[in-house]
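Numbers restart at 1 for each chain; the letters A, B, ... are given by sequence-line order, proteins then strands. Treat the numbers as computed from the prediction; the structure is a model and nothing was measured.
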Amino acid sequence: MKNNDYQIMTSENAAPVKMWTQGVPVDPGARDQLLNTAKMPFIFRHMAVMPDVHLGKGSTIGSVIPTRGAIIPAAVGVDIGCGMIAVRTSLNAADLPDNLYGIRSAIEQAVPHGRTVNRSGRDKGSWNRPPEAVDRHWASLLPGFKRLTDKYPDLLKTNNYQHLGTLGTGNHFIELCLDEQNQVWVMLHSGSRGVGNAIGNLFITLAQEDMHQHIANLPDRNLAYFEEGSRHFDDYIEAVSWAQEYARRNREVMMQHVLEALAREIPKPFTAVQEAVNCHHNYVQRERHFGESVLVTRKGAVSAQKGEMGIIPGSMGAKSYIVRGLGNEESFCSCSHGAGRVMSRTAAKKHFTLEDQKRATAHVECRKDSDVIDEIPMAYKDIDAVMAAQSSLVEIVHTLRQVVCVKG
DNA sequence: ATGTCC
């Protein structure tokens, strides 16, 4: 492994920031934001920056924030446990119909997407009654939810059970892809939906309230933190862990329903031949690094322990990657979570037309309307450059190209 | 990203 696989950014009173961004553009605003976070006294050793880095709310997307003795709830953010699941099926491209519209419709029917709940027959494919998988996974989540709501009863008012098995909006998506041997993969991107959002917002507010006397001294009020040993620290760890589990199960439920929809739509019997890769890219967990117990916050970054499988999706119409971690300790064993934006959603809508988006996604069976212009590939970094910049963090196992895409 | 009353 090369020693010069990352560059180091330093500033007075800040931990070093190690950046795997060779050959990809890094927004100056993102650099400032990274250095603000690096100034927090409880950063362990250094921060690690992935090549898809870009400005986020409070802290930077595409960064790994190792902490000891404190945690910043806004660093994880509100889309707690957001991530990807992918499985390889025994199907080949030749088993798919020429026109994929029927398959897209079947997936849209099978998984509520957009602003929906999982029952009561609204538009966009809500079910009349939630399927068995929803109730089964909710039963596993319920004891933890009860413990949380005993302490924070407001969480009872969120979309919790009602959102299990639903995709959501924005850049959450479901895709059918083909690998280099034309084998069919299913992958999807989603998180902890309404209840995770509420948990994130609740604890971000609590951290700011707990620190109200000192918050003016912080470089950014979104760096408000809980100190280990405080009541809210323990409650946050419990709540964020639960939301991450909800997100993981949410993806499992949707994957099952997509596979069932394909089975109804495709005459040839098939199986999921490769065990699902199900990885968060927006989360915090305790890990051991450099011989110490560390809280690792990955905000738009994926765990890449040696041999661990991960998913790096490209933008709509671009390539996606199934990767294997190389266990690079300097990165706290991490890799990027995607291509990363070079342009905000509003800027993309201003710069590109619907015709541009239709041209860029001509090879994919997907929505082609003005509401998805902000997902145009040109609003994202070049995924090949992003992969090259992290060649010391992960190796590519499969390169996938999308053929069907369902967006929330 | 979510949900809604600025």
Side-chain angles (χ1 to χ4, degrees), chain A residues 52 54-63 72-85 111-120 122-126 145 148-149 152-174 188-206 222 236 239-240 242-251 253-254 279-284 297-302 313 315-316 337-341 343-349 367 371-375 379-380 405-408:
Chain A
D52 58 344
H54 59 284
L55 201 63
K57 191 194 168 203
S59 63
T60 320
I61 298 160
S63 67
I72 306 168
V76 175
V78 295
D79 197 1
I80 296 169
C82 185
M84 301 287 306
I85 185 171
V111 181
H113 55 286
R115 294 204 51 177
T116 52
V117 293
N118 65 17
R119 59 178 160 74
S120 78
R122 285 213 219 163
D123 61 350
K124 293 185 173 178
S126 297
F145 190 58
L148 285 179
T149 53
Y152 301 96
D154 280 359
L155 294 174
L156 286 166
K157 291 183 254 174
T158 60
N159 279 316
N160 42 76
Y161 167 76
Q162 301 93 313
H163 267 178
L164 192 59
T166 71
L167 185 66
T169 60
N171 65 355
H172 289 166
F173 63 80
I174 304 169
L188 66 87
H189 175 218
S190 187
S192 55
R193 308 288 285 109
V195 64
N197 187 293
I199 288 170
N201 276 313
L202 168 66
F203 283 94
I204 290 167
T205 304
L206 285 173
N222 281 308
Y236 179 65
V240 79
W242 182 86
Q244 285 164 193
E245 187 56 25
Y246 178 105
R248 185 187 302 280
R249 288 173 181 274
N250 185 36
R251 290 189 291 269
V253 171
M254 287 187 280
C279 58
H280 301 316
H281 54 223
N282 217 22
Y283 70 114
V284 60
T297 298
R298 293 194 179 86
K299 187 181 181 66
V302 176
S315 58
M316 218 170 165
H337 83 310
R341 286 194 163 268
M343 204 182 281
S344 69
R345 290 183 183 279
T346 37
K349 288 200 170 176
R367 265 171 69 189
D371 286 344
V372 294
I373 293 176
D374 51 356
E375 289 296 324
Y380 286 85
C405 177
V406 171
K407 289 202 68 73

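The distance from atom CG of A/L155 to atom P of B/dT2 is 17 Å, rounded to the nearest whole Å. Between the NE2 atom of A/H337 and the P atom of B/dA1 there is a distance of 9 Å, given to the nearest Å. Taking atom OH of A/Y246 as the reference point, atom C1' of B/dA1 lies 13 Å away to the nearest angstrom. Atom CG in A/N222 sits roughly 15 Å away from atom C1' in B/dA1 (whole-Å rounding). The distance between atom CD of A/E375 and atom P of B/dA1, rounded to the nearest whole Å, is 8 Å. To the nearest angstrom, P of B/dT2 lies 8 Å from NE2 of A/H163. Atom CG in A/N201 sits about 10 Å away from atom C1' in B/dG3, given to the nearest Å. If you measure from atom CG of A/N159 to atom C1' of B/dT4, you get 12 Å, rounded to the nearest angstrom.
Listed for the A/N250 side chain is no donor-acceptor partner under 3.5 Å among the backbone atoms of A/S192.
Of the candidates B/dA1, B/dT4, B/dT2, the closest approach to any side-chain atom of A/R115 belongs to B/dT4. For A/R193, the listed nucleotide lying nearest its side chain is B/dT2; candidates were B/dG3, B/dA1, B/dT2.
Distances shorter than 4.0 Å separate none of the side-chain N or O atoms of A/T169 from OP1 or OP2 on B/dA1.
Ring geometry for A/F173 versus A/H189: interplanar angle of 30 to 60°, hence tilted.
Side-chain contact between A/Q244 and A/V284: present, with at least one pair of heavy atoms (C-beta onward) separated by less than 4.5 Å.
Rounding to the nearest 0.5 Å places CG of A/N282 at 8.5 Å from CD1 of A/I80.
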